[in-house]
Student: 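Just dropping this structure here.
Just so we're clear, the structure is a prediction, and the values are computed from it rather than from any experiment.
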Amino acid sequence: MTGDEVSKGSDDMMIDEHEQKQGNAVPDGFNSHYLKVYYGKLFPYADIFKWMSYGNDGKHPSCNQSYFSRREFSFTLDNEVYLRFQSFNSMSELENSVKEKCPVKIDIGPVYSVDPSKRHAYAQSGDNVFTPVERELIFDIDMSDYDDVRYCCSGADVCLECWPLMTIAIKVIDTSLRDDFGFSHILWVYSGRRGVHCWVCDGKARRLTNEQRAAIADYFRVYKGNENSHKKVSFTGLALHPFLARSYTEVLMDFFERKLLLSQEIFSTEERYEKILDMIPDPDQSITSELRGKWQEKRRTANSKDDINVVRWEQLKNMLQSGKHKVQGLRRCVEEIVFSFTYPRLDMEVSKHMNHLLKAPFCVHPKTGRVCVPIDPNHCEEFDPTAVPTLSNLLEQLNIGGLRAEVDNEWDRTSLGKSIRFFRSSFLQPLLKSCKEEMESSYNAKLQQSKNSFSW
């Protein structure tokens, strides 16, 4: 989104609401009436507010009372009206605005140097003081970027055959963020349709410059090809970088051989295996000709019960790693093929710049009706995108539970409860504890500095 507000009318344009009574039957679909109920009863405003405040909502002397109000929120309304640079002084302000405007999407931007809603006043003063000062380190991984290596779906479609590519991305990136960069407070969220988002929320991550963000994004960059290049991963040097070597041996190779090879039937047709043969550095075509001859001769080896994809992969590996052919770069080719099919493909621009917007957790995706729920990186292989709570499921559950005794939170009697409890216990509480400790440490250091300046 570019510009401040792009609309067909005024910024305060209200969305038409479908107020027709539906009884207890909640049809599938997505409309502003159902969304209004969701925002009225289920959206976890308090948790989002606590998260976005990073401990600056209490009475500690080190609290920055303006912190939350300098955070940008962006609303997309259902008639394609975009409201950028929304800001709020409190949780209740945020809640009231969401309930009033009923956005089909809520995006979160950076913390600015001044309140984003008052940026024009500062611009008129001639001083360029409106600038982003803090932003979570974010990653956006989209399944459509894997369309050249998945054959079950394409575009926005996902299924349980190709979704494991997202699981692998989470495992590889999460491990590296923790082990290589020392980050602890990492939130993974299902995008609601075809991908995953990652929020790295440690203080040192939020304060990274654009140059530092670009360097981290580049650290993860391996896939550099486009639709016109046969070879999209190329390794130079005698050995893989330790991070890549660890990813390859602990995650990628096993996933490729045990899951992807079979689920995507990578060698099952001539068109598919030719794509792999194109990746082999073979100036005189001797290797590719020999493999092609074997594969065209028989679709299935005689008396073999092994899957054709497994057989052909073993033949390719044996030939490339035998040492018989003295072609430069040949031994690395197996690694390059595995990385081409399995390694995470990041939207680099999202990670490089502080001013990028990213969809808030617990939004509802307007195309699928699915809630953007957190994913546990320690059990990400158990996550099923087709089984997440949907808007219509949740309203049905509210209706069914309507006659039961009141609970403290409406979401406790829906399938959303599990996701909110996970968000709190595994991410929010440890994060806020760390923020409090950081504040206390900073405050004590300032006190000590003040004492030292007065001592003789």
Side-chain angles (χ1 to χ4, degrees), residues 1-2 30 76 80 82 104-107 138-174 188-199 217-218 220-233 247 251-252 255-256 259-261 263-266 269 271-272 275-276 278-279 337-353 356-361 363-375 377 380-381 383-388 390:
M1 278 183 272
T2 56
F30 181 96
T76 306
E80 296 184 16
Y82 304 117
V104 295
K105 186 159 76 107
I106 303 170
D107 284 296
I138 54 178
F139 298 94
D140 183 3
I141 308 171
D142 199 325
M143 185 68 90
S144 57
D145 290 331
Y146 293 77
D147 278 358
D148 62 319
V149 294
R150 61 177 182 147
Y151 302 112
C152 51
C153 304
S154 64
D157 296 328
V158 295
C159 70
L160 296 181
E161 297 298 335
C162 56
W163 181 259
L165 286 163
M166 293 292 105
T167 303
I168 292 308
I170 293 172
K171 287 186 173 185
V172 168
I173 302 297
D174 189 81
W188 288 94
V189 182
Y190 172 48
S191 72
R193 193 179 192 188
R194 62 186 176 195
V196 293
H197 298 154
C198 176
W199 303 74
D218 211 50
F220 290 122
R221 191 178 182 203
V222 166
Y223 184 84
K224 298 177 182 178
N226 57 49
E227 61 272 14
N228 299 318
S229 57
H230 295 311
K231 195 171 181 181
K232 299 174 183 180
V233 175
S247 300
V251 182
L252 303 181
F255 168 68
F256 179 85
K259 178 76 179 170
L260 202 70
L261 201 59
S263 69
Q264 298 301 323
E265 299 185 326
I266 288 169
T269 68
E271 182 185 3
R272 293 181 187 182
K275 187 187 292 186
I276 293 169
D278 281 340
M279 297 180 192
I337 291 168
V338 171
F339 271 84
S340 294
F341 276 83
T342 62
Y343 187 78
R345 302 181 179 187
L346 306 178
D347 185 334
M348 300 293 283
E349 294 307 308
V350 169
S351 303
K352 287 180 178 180
H353 304 290
H356 261 283
L357 298 168
L358 193 62
K359 189 193 302 173
C363 278
V364 182
H365 196 291
K367 295 283 198 309
T368 62
R370 294 175 187 162
V371 181
C372 304
V373 293
I375 300 172
C380 52
E381 63 280 351
F383 182 81
D384 179 354
T386 66
V388 303
T390 65

Student: Any side-chain heavy atom of Val251 within less than 4.5 Å of one from Tyr343?
Tutor: no
Student: Would Arg193 and Val158 count as a side chain to side chain contact (heavy atoms under 4.5 Å, CB included) if you check the C-alpha gap in whole Å, the side-chain angles of each, and the deciding distance to 0.1 Å?
Tutor: CA-CA 8 Å; Arg193 193 179 192 188; Val158 295; over 6 Å; no
Student: Contact between His365 and Lys359 at the side-chain level, heavy atoms closer than 4.5 Å - yes or no?
Tutor: yes
Student: Mind checking whether Met143 and Asp157 have side chains closer than 4.5 Å, heavy atoms only?
Tutor: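 Result no, sub-4.5 Å side-chain heavy-atom pair not found.
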Student: Mind checking side chain to side chain contact (heavy atoms under 4.5 Å, CB included) for Glu349 and listing every partner two or more places apart, or none if nothing turns up?
Tutor: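 For Glu349 the side chain to side chain contact (heavy atoms under 4.5 Å, CB included) partners, ignoring immediate neighbours, are Asp347, Lys352, His353, His356.
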Student: In the structure I gave you, are the side-chain heavy atoms of Arg370 and Thr386 within less than 4.5 Å of one another anywhere?
Tutor: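 The answer is yes; the side chains approach within 4.5 Å.
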Student: Side chains of Ile170 and Ile141, heavy atoms from C-beta outward: is any pair under 4.5 Å?
Tutor: no
Student: Judged by atom type as modelled, is there a donor-acceptor pair below 3.5 Å linking the side chain of Tyr190 to the main-chain atoms of Asp384?
Tutor: no
Student: We want to know whether Tyr151 and Arg272 form a side-chain donor-acceptor pair, criterion being a heavy-atom distance below 3.5 angstrom.
Tutor: no
Student: By salt bridge (charged side-chain N to carboxylate O under 4.0 Å, His left out), which residues pair with Asp140, not counting sequence neighbours?
Tutor: none
Student: For the side chain of Thr76 and the backbone of Tyr82, is there at least one donor-acceptor N/O pair under 3.5 Å apart?
Tutor: no
Student: If only atom types and distance count, is the side chain of Arg150 paired as donor or acceptor with the main-chain N or O of Cys162 below 3.5 Å?
Tutor: no
Student: Is there a donor-acceptor pair under 3.5 Å between the side chain of Thr167 and the backbone N or O of Glu381?
Tutor: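 Not confirmed, Thr167 side chain does not pair with Glu381 backbone.
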